[in-house]
Undergrad: 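Below you will find the structure I want to go over with you.
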Amino acid sequence: MSEQDAEETNTIDTPERDRQDSAPEPTSDLEQSPDSTTDATEDNSSTSSLEHPAFPFEDSKQEAIYPTVETLTEFDDTLDFEVKRRLRDEGLRDVPKREYHEALLQLAIEQPERLAELIIENRR
């Protein structure tokens, strides 16, 4: 048996692969019966939309960002100690990073003058 054949055999027979194959397929809200979703939307329609990400992963586009270490550290602290606290107060937990990134870009779009000012200030 060649080295390549041995590597392929090892990757095919790993327990991790077996676990992935045996895991149940996730179900979407669309697969639920209309009766089971009606009660949830009638009781509290505003919070039911908060239970799921604002948009699916498939709708996102991965882009790299290149902040300084200092800015990224400060951002992470702000996110952890201020933003996530506010979100928890609203009942939101485990927010995917894509939603934070989406909000950051929306903020920049809403305040293009401030964005330009920050770039100018950083150059000085």
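Everything numeric here is computed off the predicted structure, so don't read it as measured data.
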Undergrad: Starting from Leu115 and following side-chain heavy-atom contacts under 4.5 Å between hydrophobic residues (I, L, V, M, F, W, Y), which residues can be reached?
TA: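 Its cluster partners, ordered by chain and number, are Ile119.
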Undergrad: Enter the distance from Glu82:CD to Asp77:CG here, rounded to the nearest 0.5 Å.
TA: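 Reported to 0.5 Å precision, the distance equals 9.5 Å.
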Undergrad: Quick check: are there more than 12 heavy atoms from other residues, nucleotides or ligands sitting under 6.0 Å from CD of Gln62?
TA: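 Counting other residues, nucleotides and ligands, CD of Gln62 stays at 12 neighbours or fewer.
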Undergrad: In plain terms, say whether Arg85 and Glu90 are close enough for a salt bridge, that is, a side-chain N and a carboxylate O under 4.0 Å apart.
TA: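 No, this pair does not count.
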Undergrad: Calculate, to the nearest 0.5 Å, the distance between atoms CD and CG belonging to Glu113 and Leu118 respectively.
TA: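 Output value for this atom pair is 11.5 Å.
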Undergrad: Scan the side chains in residues 67-74 for donor-acceptor partners under 3.5 Å anywhere in the protein, sequence neighbours excluded, and list what turns up.
TA:
unit_1	atom_1	unit_2	atom_2	d
Thr68	OG1	Thr71	N	3.1
Thr68	OG1	Thr71	OG1	2.9
Thr73	OG1	Val69	O	2.9

Undergrad: Roughly how far, to the nearest 0.5 Å, is the CD atom of Gln106 from the CD atom of Glu99?
TA: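 Rounded to the nearest 0.5 Å, the CD-CD separation comes to 10.0 Å.
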Undergrad: Side-chain heavy atoms nearer than 4.5 Å, only ILVMFWY residues, links allowed to pass through others: does that put Val83 and Leu107 together?
TA: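 Shared cluster, no.
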Undergrad: Do Leu104 and Leu92 belong together in a cluster built from hydrophobic side chains that touch within less than 4.5 Å?
TA: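 They do share one cluster, since a chain of ILVMFWY contacts under 4.5 Å joins Leu104 to Leu92.
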Undergrad: With salt bridge (Lys or Arg N to Asp or Glu O under 4.0 Å) as the test, would you mind laying out the steps for Glu121 and Arg114 before giving the verdict?
TA: CA-CA 10 Å; Glu121 288 173 16; Arg114 182 62 182 138; 3.4 Å; yes
Undergrad: Show your working on side-chain contact (heavy atoms from CB on, under 4.5 Å) between Tyr100 and Leu87 and close with a plain yes or no.
TA: CA-CA 11 Å; Tyr100 296 116; Leu87 295 174; 3.7 Å; yes
